[in-house]
Amino acid sequence: MEKVEVGIIGFGTVGAGTYEVLKKNADVIRSRVGADVMVKKIADLDLDSDRGVEIDRSILTTKASEIIDDPDIQVVVELIGGLGHAKDYILAAMDKGKHVVTANKALLAEHGHELYTKAKECGVSLEFEASVGGGIPIIGAMKGGLSANRFKNIMGILNGTSNYILTKMNKYYWPYEKVVKEAVDLGYAEDPPTLDVDGTDAAHKLAILISLAYGGPVAFKDIYREGITSLTPDDIRFAQEFGYCVKLLALARDRGDAVEARVHPVMIPTDHILANVNWAYNAIYVEGDFVGPNLYYGLGAGRRPTGSAVAADIIELSRRIVRGEKGPLPPLAHYGKGEKKITIKPMDSLTMSYYFRFSAVDRPGVLSKISGVLGEHDISITSVIQKGREVNGPVPVVMLTHEALEKNVKKAISVIDKLDVVTDRTIIIRVERGM
Ligand code: HSE
């Protein structure tokens, strides 16, 4: 075999990066595959915008069917993203016996099981390195180098946009709205960056990592998610007074019969290994029972890093095609047990430590009212800060707790928020002290 032919559906940022790396590094890739990897066609509805890459326009088409129906194309790359037509194109390509590469985290998180089952039925591979962590090869690591391990603990900074926003808040105490406006103006964030800042994007990526780690589908809706939009510079300052910074973390832990899975802002000690992962960088901390802790760090988005990850999948598939390998590896790299649904532990049943910021009137007895309600719900306080006194105005009362049950915390806060001495909704940030 002298060449492997590839079709790309979707010529946006990632499509352009994928095409660029396959062209620019064609010689290196050839020597690593043992054949040329050629992009035969690229489909996109917009053929006019400048993507900043030189391209032979004769390979462009507006019809995805020209790729799916082309008998010479062995690998179809889906890069249009989202939950719309992408799935139909992937299923149609598999029906035609083509291997598929995708970066579509939303589709994998919400319809992964259907796609993995279809790939198995059609005897084709489905690869998705670029779906989590952009250029970071975390999927390959979990399927390959870490595959001897049981995964005990995964902690990730999986969304670059929210990490950029939080970095600016942690360093300069800018209010959330000001950072978002700047990030949008500079083109770092989408306008509005809803799925990035509300935790959905990170939860999609976490669902994929959990499926890979434990070998089965996850009900995406069972993953608890909460975004960064309620955080204020005051919370950042208080967190720092306690020796913490605030990050949006995606967490998964093996709890025996179920998996703990959640995405929300977390206070981590300033000397925590993830505390210095700043700006648009992503990082994934993975702990295996034999390998111990591993850390993966890099750019989680962008044309070149994400193009690099998509191309890695194309290269791996091309190698298998060139070797004439029969029977693809199952997408989640698990045999047999691959259909077993993974149970997610209900959020209410988890225990952890908390930061609370109450807005309260500054009057004798207020602190004892609040701490009384916490005590009634079995929530024990470790530290308290109360600062500033506005004439007749509310003051922030900040507390850190020992480990408490999430269910009790929700109940206690709903009682506290109704007290006549409390003037605004209480801000809750969960605290992680160790790894
Ligand atoms: N929008 C994502 C982020 C990158 O901000 O990290 C693509 O997954």
Side-chain angles (χ1 to χ4, degrees), residues 10-18 77-83 86 101-110 112 127-140 154-170 176 179-212 220 223 225-229 231 246-251 263-266 274 277-285 296-313:
F11 197 35
T13 308
V14 180
T18 303
V77 183
E78 180 278 304
L79 297 175
I80 56 177
L83 299 174
V101 174
T102 181
N104 194 333
K105 63 234 158 169
L107 188 61
L108 292 168
E110 302 201 29
E127 302 293 342
F128 43 87
E129 182 62 72
S131 62
V132 181
I136 303 171
I138 182 64
I139 307 281
I154 299 172
M155 292 175 93
I157 294 178
L158 298 180
N159 184 268
T161 305
S162 49
N163 200 41
Y164 176 90
I165 294 167
L166 287 177
T167 302
K168 201 109 197 184
M169 291 178 77
N170 277 303
Y176 170 81
V179 190
V180 171
K181 187 175 178 317
E182 185 214 45
V184 169
D185 290 347
L186 292 172
Y188 296 161
E190 288 180 29
D191 186 15
T194 314
L195 298 182
D196 291 314
V197 297
D198 75 359
T200 303
D201 177 76
H204 281 148
K205 293 165 180 169
L206 185 65
I208 296 169
L209 295 182
I210 291 172
S211 287
L212 267 181
F220 177 67
I223 298 180
R225 59 186 189 278
E226 188 184 300
I228 60 170
T229 52
L231 297 173
V246 183
K247 292 287 185 190
L248 182 73
L249 292 192
L251 299 136
V263 173
H264 52 72
V266 180
L274 294 177
V277 176
N278 284 323
W279 305 111
Y281 280 86
N282 281 196
I284 303 126
Y285 169 90
Y296 301 83
Y297 170 85
L299 287 168
R303 178 167 111 182
R304 288 167 71 96
T306 315
S308 156
V310 173
D313 282 343

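As the structure lists them, so they are numbered: ligands from 1, and atoms in each ligand from 1.
Counting only heavy atoms of the protein, atom 5 (O) of ligand 1 lies nearest to T161 OG1, 2.6 Å. Residue, atom and distance of the protein heavy atom nearest to atom 7 (C) of ligand 1 are K105 NZ, 3.2 Å. Nearest protein heavy-atom neighbour of atom 1 (N) of ligand 1: D196 OD1, 2.9 Å.
With a heavy-atom cut-off of 4.0 Å, L195 does not touch ligand 1 at all. Neither the backbone nor the side chain of E190 comes within contact range of ligand 1; no heavy atom lies under 4.0 Å.
Atom CD1 of I284 sits about 4.5 Å away from atom CD1 of I138, to the nearest 0.5 Å. The distance from the CZ atom of F11 to the OG1 atom of T18 is 9.5 Å, given to the nearest 0.5 Å.
Ion pair D198/R225 not flagged as a salt bridge, since none of the NZ, NE, NH1 or NH2 atoms sits closer than 4.0 Å to an Asp/Glu carboxylate oxygen.
With K247 contributing its side chain and V277 its backbone, the two residues share a donor-acceptor pair below 3.5 Å.
Each of the following atoms of ligand 1 lies closer than 4.0 Å to a heavy atom of K205: 2 (C), 4 (C), 6 (O), 7 (C), 8 (O). Annotation for ligand 1: atoms under 4.0 Å from non-hydrogen atoms of N159 are 2 (C), 3 (C), 5 (O), 6 (O). Those atoms of ligand 1 with a heavy atom of D201 less than 4.0 angstrom away are 2 (C), 8 (O).
Remark: among candidates A301, A106, G160, A130, the nearest residue to atom 4 (C) of ligand 1 is A301, based on non-hydrogen atoms.
Under 3.5 Å, the side chains of T167 and N170 contain no donor-acceptor pair of N or O atoms.
Using cut-offs of 30° and 60° for the angle between ring planes, the W279 and Y164 rings count as tilted.
Other residues, nucleotides and ligands place more than 12 heavy atoms under 6.0 Å from the OH atom of Y296.
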